[in-house]
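Everything on this sheet refers to the single structure shown next.
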Amino acid sequence: MDLGYTELAAASRPDALRAALAANAEELRHAADEHHGGEMASVRRASYQGHEIEVWTTYEITVDGRPFDVHLTVDNAGRVHYHGLPTRDFPSVIGLVKKAIDVFGDEFSSDSPVQPDERGPDPHHHDHGGGA
Amino acid sequence: MASIRRNIVTDQAARDAFVSGVLALKAEFLGTTTADIGIAGPARQVSTYDLFTVWHHLAMGQMTPPGQADRNAAHSGPVFLPWHRLMLLLLELQLQRVLGDDEVGLPYWDWAADGALPSAAQPQAPIWQPDGIGGTGTPVADGPFGADRFQVRIDSDRFGRLRATDRGLRRTLAAGVRTLPTPQQVSAALRRPAYDLSPWDRGVAGFRNHLEGWRPAPPGLHNRVHVWIGGDMGPATSPNDPVFYLNHCNVDRIWEAWMVDRGRSYQPPQSASDQLRFHRTDDPMYSILITQPITPGQVLDIGTFYSYDQLT
Ligand SMILES: [Cu+2]
């Protein structure tokens, strides 16, 4: 099916934009939610000589003694990715946390309010049963 | 009408239209408030421009499939190029609407041309001058998006969640990495024969992954531009900086050059596993700003809407 100019230009008018936003109201209401629902483990999978390899990784990170409880994923080359800085990956988690401090410095300052997320590593979140 | 997308550095009219259109969309409020998008605190109006930033952030949080955090509905997978093509096309149509000119085209920034300059000269290139899009700073102080006329109202915290804010734009040019991508790196990407490869993630050596920047030496091409600019270009709310669109317009131009060379082919086919939902050729792409389904396959040939004045 071809995309038409007239059709898409009409879909870009304010009334059409409002209608699309209304149709997606439920989705939008969760736009500010945390993404990963507390699922904190990263899993790598590979097949080798008929064997299935799985590597589960979780991190417990603190900065100034306060938990920095974010979801990190590790790829099969061992590089670490962090949702807060989505266009980068890192060879080291220390390097990743340093970069997070560079970018979000004010959120790490000692007088910044304690976030509800600073709940500390919770073993119940390390549920290996769910997901992919 | 079909538009022609031009180089922002060499075409003052394209630059001026982009700036006026962006400022008009930043000043347009259609009724959506921060409360409607789940942000705590007093409800504030969300501009049409900022709705695109929210859409990008939402797409990034939509994991495909759920239960892993690598590939999402717009990045680190095959749909990266078609999804951003759709996003840019919808923004271009908004620019045309607010400017009352259906021939207005998004400009592109040919960052590899600046990447050929000595590293010290790169943050001084014409695009960063006041008659371009302004320079570096936290906040940016000069140019059309300086703190006196351009406010960031929604951004992402260190946990990757949206929040309300009210501040000037932030850029830290050349601090995250010292240099922009080079023309040689663009040529190397264009030589990749396959659009994308199984298992369709950040590890494969296809064209999409080269252009997105996960291979061969991260951060490359697109990702490197985000990292080199820094500041608001870092988090999932990176469309907060209008340079996001200039970067992605150039990414789209490079994709177009690849397709002119290699054919308008896309991977994976619809017969691929439903674990690849949002990435297969006939899957409707993730959107909140339009109700009609639009698939990757539908945007491979985009000539009805726009073309580039120059591909390489
Ligand atoms: Cu993006």
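Note on naming: letters A, B, ... go to the chains in the order of the sequence lines (proteins, then strands), and numbering restarts at 1 for each one.
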Inter-residue atom distance [X].[atom1] - [Y].[atom2], 0.5 Å rounding:
X       : Y        : atom1 : atom2 : answer
B:His75 : A:Thr87  : NE2   : OG1   : 8.5 Å
B:Leu58 : A:Glu27  : CG    : CD    : 6.0 Å
A:Leu3  : B:Ile294 : CG    : CD1   : 5.0 Å
B:Leu95 : A:Ser12  : CG    : OG    : 10.0 Å
B:Ile37 : A:Asp33  : CD1   : CG    : 11.5 Å
A:His71 : B:Met63  : NE2   : CE    : 7.5 Å

Is [X] close to chain B through its backbone or its side chain, or both, or neither, when contacts mean heavy atoms under 4.5 Å?
X        : result
A:Ala100 : neither
A:Asp89  : both
A:Arg88  : both

Heavy-atom side-chain proximity of [X] to [Y] below 4.5 angstrom:
X        : Y        : value
A:Leu17  : B:Thr48  : yes
B:Pro218 : A:Arg79  : yes
B:Phe305 : A:Leu8   : yes
A:Asn24  : B:Leu289 : no
A:Thr73  : B:Arg202 : yes
B:Val54  : A:Leu28  : yes

Selection from [options] maximising heavy-atom pairs under 4.5 Å formed with chain A:
options                      : answer
B:Gly234, B:Pro219, B:Ser238 : B:Gly234
B:Val299, B:Asp36, B:Thr291  : B:Asp36
B:Asp301, B:Ile290, B:Ile154 : B:Ile290

For this session: Kindly say whether B:Gly31 contributes a backbone atom to a donor-acceptor pair with the side chain of A:Arg18 at under 3.5 angstrom?
Result: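 Flag not set: sc A:Arg18 to bb B:Gly31 has no pair under 3.5 Å.
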
Is it true that atom [atom1] of [X] has more than 12 heavy atoms of other residues, nucleotides or ligands lying nearer than 6.0 Å?
X        : atom1 : value
B:Arg277 : CZ    : no
B:Leu30  : CG    : yes
B:Arg178 : CZ    : no
A:Asp64  : CG    : no

Exercise. Can you say whether the rings of B:Phe159 and A:Phe68 are parallel (under 30°), tilted (30 to 60°) or perpendicular (over 60°)?
Worked result: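 Rings of B:Phe159 and A:Phe68: tilted, 30 to 60°.
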
With only heavy atoms counted, which part of [X] is less than 4.5 Å from chain A, the side chain, the backbone, both or neither?
X        : answer
B:Glu212 : neither
B:Arg224 : neither
B:Trp55  : neither
B:Thr32  : side chain

For this session: Return the option, out of A:Leu21, A:Leu85, A:Asp75, with the maximum number of heavy-atom pairs under 4.5 Å with chain B.
Result: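 Looking at each of A:Leu21, A:Leu85, A:Asp75 in turn, A:Leu21 comes out on top.
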
Kindly give the heavy-atom pair with the smallest separation between [X] and [Y], and that separation in Å.
X        : Y        : answer
B:Met60  : A:Pro86  : CE-CB, 3.1 Å
A:Ala32  : B:Leu162 : CB-O, 3.8 Å
A:Phe104 : B:Pro235 : CZ-CG, 4.0 Å
B:Asp102 : A:Tyr5   : CB-OH, 3.4 Å
B:Arg97  : A:Arg13  : CD-CA, 3.9 Å
B:Arg215 : A:Ala77  : NH2-CB, 4.3 Å

Exercise. Partners of B:Arg85 by side chain to side chain donor-acceptor pair (under 3.5 Å), sequence neighbours excluded?
Worked result: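 Side chain to side chain donor-acceptor pair (under 3.5 Å) list for B:Arg85, sorted by chain: B:Asp252, B:Glu256, B:Tyr306.
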
